[in-house]
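Here's the structure, in structure tokens; my notes come after.
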Amino acid sequence: MSQSGARVVVTTHKEDGTSVFQSDSIVEPFAPFGPSGSSFSVLDERPKVPVNNQEDPKEFQKTLPRVPQTGVIFSITNMAPHHSAPMHRTLSIDYAIVLSGEIILELDGGEETTLKAGDFLVQKGVNHMWHNRTDEVCKIAFVMVGAEKIKLANGEELEETVFKR
């Protein structure tokens, strides 16, 4: 699955407060599951919220999107055709926009819904899987913000269950 990189334009300020462009670069996708698998592009990550807008952005080539516990991450996922991501939970609230294609979101209780290009998702730390059952790549933009653990009525806290490269 060949995917072109994501163009990322970053702005900042001059010493006198005037707004300027800091960088204009291409972030190439990282394909940890091989060339026919899904790929990821981490566009920005900050260790804590509120962020320090005077910090320079870091390079995040070749990493899986993992939100810092008190931070935020901005990334793109390209889900390969006929591929699935295993069941997992992140300690975050995830804001997602399906940019192209369509994807099935399956929850651990077995419920499913189809998200298509132009659909938005607010995902609150649930255990879930992704399925691309089409012949097209599904491109999704994510902003993930670190969140507290989900605490059940009996006091049990739900842990992160991430898949590994």
Specify the closest pair of heavy atoms between Glu112 and Glu106, including all atoms of both residues, with the distance to one decimal. OE2-OE1, 3.7 Å
Donor-acceptor pair, side chain of His83 and main chain of His131, under 3.5 angstrom: no
Crowding at CD, Gln54 (>12 non-hydrogen neighbours, <6.0 Å): no
Val143 and Val122: same hydrophobic cluster, using ILVMFWY side-chain contacts below 4.5 Å? yes
About how many Å separate CD of Glu160 and CD of Gln69, when rounded to the nearest 0.5 Å? 9.0 Å
Indicate the atoms forming the closest heavy-atom contact of Asp94 with Met144, along with that distance. OD1-CG, 3.4 Å
Quick one: CH2 on Trp130 to CG on Leu105, what's the gap to the nearest 0.5 Å? 4.5 Å
Could you go step by step and tell me if Lys48 and Glu55 meet the salt bridge (charged side-chain N to carboxylate O under 4.0 Å, His left out) rule? CA-CA 12 Å; Lys48 65 184 174 96; Glu55 262 182 11; over 6 Å; no
Distance in Å, Glu111 CD paired with Thr113 OG1, rounded so as to fall on 0.5 Å steps: 9.0 Å
Do the side chain of Asn132 and the main chain of Met79 share a donor and acceptor less than 3.5 angstrom apart? yes
Carefully, step by step, assess Asn53 and His13 under the rule side-chain hydrogen bond (donor to acceptor under 3.5 Å, both in side chains). CA-CA 9 Å; Asn53 274 335; His13 299 91; over 6 Å; no
For the residue pair Pro32 and Ser38, what are the closest heavy atoms and their distance? CD-O, 4.0 Å
Do Val10 and Ser23 pass the side-chain contact (heavy atoms from CB on, under 4.5 Å) test, and can you show the C-alpha distance, the side-chain angles, and the key distance before you say yes or no? CA-CA 5 Å; Val10 179; Ser23 63; 3.4 Å; yes
Taking atom CD as the centre, does Gln22 end up with more than 12 heavy-atom neighbours from other residues, nucleotides or ligands that are less than 6.0 angstrom away? yes
Do Pro81 and Val137 come close enough that some side-chain heavy atom pair is under 4.5 Å? yes
Using only atom types and a distance under 3.5 Å, with no angle test, would you say the side chain of Thr161 pairs donor to acceptor with the backbone of Arg89? yes
Please assess Arg66 against Val42 for the test side-chain contact (heavy atoms from CB on, under 4.5 Å), listing each intermediate value before the final yes or no. CA-CA 9 Å; Arg66 294 283 189 261; Val42 175; over 6 Å; no
Exercise: identify the closest heavy-atom pair between Pro47 and Thr70: O-OG1, 3.1 Å
Beyond-backbone contact of Thr77 with Lys139, side-chain heavy atoms, under 4.5 angstrom: no
Which pair of non-hydrogen atoms, one from Glu45 and one from Ile73, has the smallest distance, and what is that distance? OE1-CD1, 3.5 Å
Heavy-atom closest contact (Pro29 atom, Ser39 atom, distance): CB-OG, 3.5 Å
What distance do Gln123 atom CD and His128 atom NE2 have between them, rounded to the nearest 0.5 Å? 4.0 Å
Might you work through the side-chain contact (heavy atoms from CB on, under 4.5 Å) test for Val9 and Phe21, ending with a clear yes or no? CA-CA 7 Å; Val9 177; Phe21 293 104; 3.6 Å; yes
Measure the spacing between CD1 of Ile140 and CD1 of Ile103 and express it to the nearest 0.5 Å. 4.5 Å
Membership question, hydrophobic clusters at under 4.5 Å side-chain separation (ILVMFWY): are Val98 and Val126 in the same one? yes
Would you confirm whether Thr134, through its side chain, and Glu136, through its main-chain N or O, come within 3.5 Å as a donor-acceptor pair? yes
Give, for atom OG1 of Thr90 and atom CZ of Phe142, the distance between the pair rounded to the nearest 0.5 Å. 9.0 Å
Count I, L, V, M, F, W, Y as connected when their side-chain heavy atoms are under 4.5 Å apart, and connections chain through other members. Are Phe120 and Val72 then in the same cluster? yes
Are Phe74 and Val8 connected in the hydrophobic side-chain network, where two residues link if heavy atoms are under 4.5 Å apart? yes
Evaluation steps, side-chain contact (heavy atoms from CB on, under 4.5 Å), between Leu158 and Leu152: CA-CA 8 Å; Leu158 299 180; Leu152 304 179; 4.0 Å; yes
With the 4.5 Å side-chain cut-off for hydrophobic clustering, are Ile104 and Leu115 part of the same group? no
Donor-acceptor pair, Ser41 side chain versus Ile76 backbone, under 3.5 Å? no
Derivation and outcome, salt bridge (charged side-chain N to carboxylate O under 4.0 Å, His left out), residues Lys151 and Glu156: CA-CA 6 Å; Lys151 187 177 258 187; Glu156 178 187 357; over 6 Å; no
